There are 2 protein chains.
Amino acid sequence: MSNPPPSGGDLSRLRQLNSLAAIRALRGAEPLTLSVLAERTGLSRPSTKDVMDELVGLGWVEEVAPVGGTMGRPARRYRFRADGGHVVGIDIGAHKVLAALADLDGNVLAETRHTVDPDTPTEARLDAIDKAVSGCLALAGLTREDLWAVTAGTTGLVDPKGRIALSTAILNWSGVDLAGRLARMFPCRVLVENDSKLAALAEWQRGVARGASDVLFLHAGRRTGAGLIVDGKLHRGFAGSAGEISLLPLSQWSAGSAPLDDSPVVPKGTPPQDAARYVLSAARDGNSAAMESVERYVEVLALGAAMMVLTVDPELVILGGSFSRAADVLLPPLRRRLAEVCMRPPELRTSTLGDECVVLGGIGLAINHLDSRLFGAEGGSATPLPQHADAKVTSIASR
Amino acid sequence: MSNPPPSGGDLSRLRQLNSLAAIRALRGAEPLTLSVLAERTGLSRPSTKDVMDELVGLGWVEEVAPVGGTMGRPARRYRFRADGGHVVGIDIGAHKVLAALADLDGNVLAETRHTVDPDTPTEARLDAIDKAVSGCLALAGLTREDLWAVTAGTTGLVDPKGRIALSTAILNWSGVDLAGRLARMFPCRVLVENDSKLAALAEWQRGVARGASDVLFLHAGRRTGAGLIVDGKLHRGFAGSAGEISLLPLSQWSAGSAPLDDSPVVPKGTPPQDAARYVLSAARDGNSAAMESVERYVEVLALGAAMMVLTVDPELVILGGSFSRAADVLLPPLRRRLAEVCMRPPELRTSTLGDECVVLGGIGLAINHLDSRLFGAEGGSATPLPQHADAKVTSIASR
DNA sequence: GCCAGTTACGAAGGAGCCCATCATTAGTAG
DNA sequence: CTACTAATGATGGGCTCCTTCGTAACTGGC
């Protein structure tokens, strides 16, 4: 009756689990002693030592000099070798290409930005991606061979194979086999994902949504989008289109920031990319026409958000995207409207990761993927570190 | 960075996992031989034997007479002792109380129905529940002490503690501490859940949604509701209100079957509970006014469904509820409308479990709960069968 | 400079779980 | 009655984990 297939466990699987637990405890933390590590993993000290010996041998972990000053014999300290490999997150937007290079801990080592246009031809856009990543690598003194995984986030609907199923924001972007093109560019695993989903992941991993099991991330910017964390996991949906509420005309999400851009308070001749900011700022200063426009914008935003909130009932809603800088203006009406329809309105928070949300989420997804590959999926033992974790594969992570 | 806490594994945990795998393989199947069992669990035969010996000792499994006729030495056969314990699922609707008693395999052994009204007083309704369950027990020759878990499903919003947060269909039902009241009634674990959620679970466990990882269940009846399976698990949401799209006035779901009930084709004097059926039947026969009413009804149903489908992107949408008997009339327009807004419209199927959906889901939830308690949550060994699995607890399963 | 106190390390012994192997057993087929 | 088949049961070995205990390294007081 229960659907999950029965999974019998071998002896070595136990070690796998424990190794993974140790790595998780180590990652992102300062170097830990055996005793602390034993406590955190729930293992005994001798067993922890065994696990550490193995991981040190494989190159995943290294010992660092003990620190003195305490009573008693100084404890050995181990740290995760975050510098053993590197990942890249790329944010491919309509107006920019942003790339960030990080170590296996997710620490960003270099970042590069290139400006593009919505109608930049596809080849030129791919070229900008190439240059952005090359720039990061140069800044960090690395080569493409040092990359273990690359994640690209982009506007539009990304199908499970990493192709752009639909994009209205970037000219001729629909139909591009982005995963395929990037796979030719990088000698490592390539993942492709929708940008709002990556932003949601980033907020959940290292932003204001940490620890929540169900989260709705709202991207409020020139385009409106959403990403969902459900039960502590990024939710993609069967075809990768979870959260694409803009496909419903009623939602009006496809209009993006139009309610702001078209506000009568925008001075003639304002460049379109500055219009919304102007209106939000004017609304903050009490301009009643601007406030009206903001109200209209939030009405649309809130309607789509309400649909998703009532569907998923998340603990948190995160407001992100470039307009999140005007959270003081946007949050109160958004909160009010959600409260009107929810029995228990979710807590509203503002993104703190800002512009880097998408690349950070990409980095996080890449690292998650490597984690899941840390131990040979088919019951093998741990992969030694110096090798590349994957052969060159085109398709996106299934799950 | 990763949020899931590292979980160190003890040696005995391996055995737990393997025992659980064996039970899963055994449950709901005909008696299995050691060889088959070994193959299905991935264990070796000697290990499988060990596990079986233990489970037989604990009373969870028993050996049955070997079957002859094959070449070679007859193999011992083991079966899950489904009759070792019993669970009850209760469907508390506005117009009926339906209870079903099942063994640990989910086989229904007895069923009882009581008729009530939307304005039946709470105490009388609780009395009907009591009577319905007593009836089941009497039919099966059991007593309340034989019950290991009871799940009640009811219309309305059920909070995480098993109280009715809001119900518009049943008079004075809001605010009732159903879990608390039932806990006084039964000397075992009591779970309370929204009825549409249980129906979704049933369809996923033993209905037409088997094997799908993301499913939307639509309850189309006098009231409209929904339940979600996300990533192979019943999704409740932070406050248990996932899928409660009817709270959004725009969805018009709170009107339920009104577009059908109010159709001009309904003859004066038709009892309200028969109106919708009459219209659906007339529409099937080609009555254009009836078809128009159906069109209006489906428009509402489809709008809410689209909101949820675009949010979650499920693989399947299941049409259930009493109107699902008119699926031939309802599905085509529903399919058409979903196709208008979805990049990849989910497959639409009709519920086959019918009226029993909710009680079956309740039985499934109860069994799932017992499964998760099969092995002492805090690393203990397996619970012997003859004891009750739980003390009397009031609150609902958290997860 | 020495000694007590503190903390961590490392080795040894033991238990649990799983696996591979092989002789044995209980049937069927001729 | 014999040959064949397929499952059983017992043995031995390997791996992982745990507990226990003696040893090592460093601090602080005399």
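Throughout, a chain's letter reflects where its sequence line sits, starting with A, and its residues are numbered from 1. Here the structure is a predicted model, which is why all the values come from computation and not from measurement.
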Q: Over 60° means perpendicular and under 30° means parallel, so classify the ring planes of B:Trp148 and B:Trp60, tilted if in between.
A: perpendicular
Q) Hey, which of these two, A:Thr48 or A:Pro74, hits DNA chain D nearer its 5' end, going by closest nucleotide? A) A:Thr48
(Q) Please tell me if A:Lys49 has a side-chain N or O lying less than 4.0 Å from either OP1 or OP2 of C:dC9. (A) no
Q. Atom CG of B:Asp50 to atom C1' of C:dC17: distance rounded to whole Å?
A. 8 Å
Q: Send over the distance from B:Leu32 CG to D:dA7 P, rounded to a whole Å.
A: 13 Å
(Q) Quick check for you: among C:dC9, D:dT16, C:dG10, whose closest atom lies nearest to any side-chain atom of A:Leu34? (A) C:dC9
Q. Counting only N and O atoms by type, is there a donor-acceptor contact under 3.5 Å from the side chain of A:Asp105 to the main-chain atoms of A:Gly28?
A. yes
(Q) Output the rounded distance in Å from CE (A:Met52) to P (D:dT16). (A) 15 Å
Q: Look at the side chain of A:Arg15 and the base of D:dT16, then say whether one donor and one acceptor between them are separated by less than 3.5 Å.
A: no
**Q.** Separation of A:Leu201 CG from A:Leu360 CG (nearest 0.5 Å)
**A.** 10.0 Å
Q: Please determine, for the side chain of B:Ser35, which listed nucleotide (C:dC19, D:dA7, C:dC9) has the closest atom?
A: D:dA7
Q.
Under 4.0 Å from OP1 or OP2 of C:dC17: is there any side-chain N or O of B:Ser47 that close?
A. no
Q) Can you check the B:Met71 CE to D:dA6 P distance for me, whole Å? A) 7 Å
**Q.** Side chain of A:Val51 - closest among D:dC18, D:dA7, D:dC17
**A.** D:dC17
(Q) Rounded at 0.5 Å granularity, tell me how far CZ in B:Arg79 sits from CD in B:Glu63. (A) 12.0 Å
Q: Measure the CZ-NZ distance between A:Arg76 and A:Lys49 for me, rounded to the nearest 0.5 Å.
A: 5.0 Å
Q | Along DNA chain C (nearest heavy atom to each residue), the more 5'-positioned of A:Ala75 and B:Leu11 | A | A:Ala75
Q. Please give, in whole Å, the distance from C:dG10 P to A:Glu63 CD?
A. 8 Å
(Q) Using a 4.0 Å heavy-atom cut-off, does A:Arg45 contact any base of the nucleic acid, only the sugar-phosphate backbone, or nothing at all? (A) base
Q | Any B:His86 side-chain heavy atom under 4.5 Å of B:Leu109 side chain | A | yes
**Q.** Candidates D:dA24, C:dA20, D:dG9 - which lies nearest the side chain of B:Ser44
**A.** C:dA20
Q: Please state how far atom CG in B:Asp53 lies from atom P in C:dG16, giving the value in whole angstrom units.
A: 16 Å
Q. OP1 or OP2 of C:dC18 sitting under 4.0 Å from any side-chain N/O of B:Asn18?
A. yes
(Q) If I take atom CG in residue A:Leu37 and atom P in nucleotide C:dA8, what distance separates them, rounded to the nearest angstrom? (A) 13 Å
(Q) Please confirm whether the shortest side-chain N or O distance from A:Arg13 to OP1 or OP2 of C:dC18 is below 4.0 Å. (A) no
Q) Would you say a side-chain N or O of A:Arg77 is under 4.0 Å from OP1 or OP2 of C:dA8? A) no
Q) Roughly how many Å is it from CD in A:Gln16 to P in D:dC17, rounded to a whole number? A) 11 Å
Q: Classify the nucleic acid contact of B:Thr33 as base, sugar-phosphate or nothing, counting any heavy atom under 4.0 Å across all strands shown.
A: nothing
